[in-house]
Novice: 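First, the structure itself, so that you have it in front of you.
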Amino acid sequence: MREVRLSELFSGPDRPLMLYHFMYGKEQDRPCASCTMSIDGFHSVADHLAGTLDFAVVAAAELPALRAYGRDRGWTSLRLLSAAPSRFKYDLGSEDSAGGQDATVSVFTRDEGGAVRHFYSTRVRMADGNGQQATDLLSPVWHLLDLTPQGRGDWYPRLSW
């Protein structure tokens with residue numbers, strides 16, 4: 001286990017870095033079921049993404065707990081990172097001052113001089129009171145449910161503990 005700088009997560013000069021902020025750790029003492037479903041999907045396409053971008057999952061959970069959960073889920077193709085001792089998730093808006101979290105996707109690039117630039121972030125909730133989910137496009141489950149007569153209804157991913 002070692003500390004890693006954001007700039008060290010890039011594998012090449014012209015590759016973007018995408019981070020999925022996993023709702024797990026601090027006030028979120030159990031892994032989020034919806035995040036887990038999304039990360040299961042990311043794992044299945046990780047090899048395809050690797051040709052174009054660098055991808056990692058970052059959580060506020062301590063690294064041993066995060067890695068154990070990843071092993072249990074079979075996430076062998078994903079880089080799992082802990083931001084537990086830092087303000088990283090807070091600074092990017094995926095964590096509030098009390099440690100509450102929101103799933104977020106952040107994209108970073110590097111300029112010609114190698115400096116890291118924050119390109120884009122989106123949180124799950126597009127706006128307060130708006131039922132739309134900004135990260136719905138990342139999971140085909142929602143799209144498949146939307147094609148059925150009942151739609152999503154009150155469906156939510158369930159994990160057995």
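We count residues from 1, following the sequence as given.
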Novice: Considering only heavy atoms from C-beta outward, does the side chain of Leu9 approach that of Leu81 to under 4.5 Å?
Specialist: yes

Novice: May I ask you to test the Leu17-Val116 pair for a side-chain heavy-atom distance under 4.5 Å?
Specialist: no

Novice: Are any of the side-chain heavy atoms of Trp75 and Phe42 separated by less than 4.5 Å?
Specialist: no

Novice: Is there a chain of hydrophobic side chains (I, L, V, M, F, W, Y, each step under 4.5 Å between heavy atoms) that links Leu78 to Tyr24?
Specialist: yes

Novice: If you look at every heavy atom in Ala60 and Glu95, which pair is closest and at what distance?
Specialist: CB-OE1, 3.7 Å

Novice: Under the 3.5 angstrom rule, does the side chain of Thr104 hit a backbone N or O of Asp102 as a donor-acceptor pair?
Specialist: yes

Novice: Please check if Leu80 and Met23 belong to a single hydrophobic cluster, counting links between Ile, Leu, Val, Met, Phe, Trp and Tyr side chain heavy atoms closer than 4.5 Å.
Specialist: no

Novice: Between Tyr90 and Ser97, which heavy-atom pair has the shortest distance, and what is it?
Specialist: CE1-N, 3.6 Å

Novice: Heavy-atom distance under 4.5 Å between the side chains of Ser77 and His43, does that happen here?
Specialist: yes

Novice: Hey, does the side chain of His21 reach the backbone of Lys89 with a donor-acceptor pair shorter than 3.5 angstrom?
Specialist: no

Novice: Going by atom types alone, do Tyr69 and Thr36 pair a side-chain donor with an acceptor below 3.5 Å?
Specialist: yes

Novice: Apply the side chain to side chain contact (heavy atoms under 4.5 Å, CB included) test between Thr109 and each candidate in Arg15, His118, Arg117; give the one that qualifies.
Specialist: Arg117

Novice: Quick check: closest heavy atoms across Pro16 and Thr52, and the distance to 0.1 Å?
Specialist: CD-O, 3.7 Å

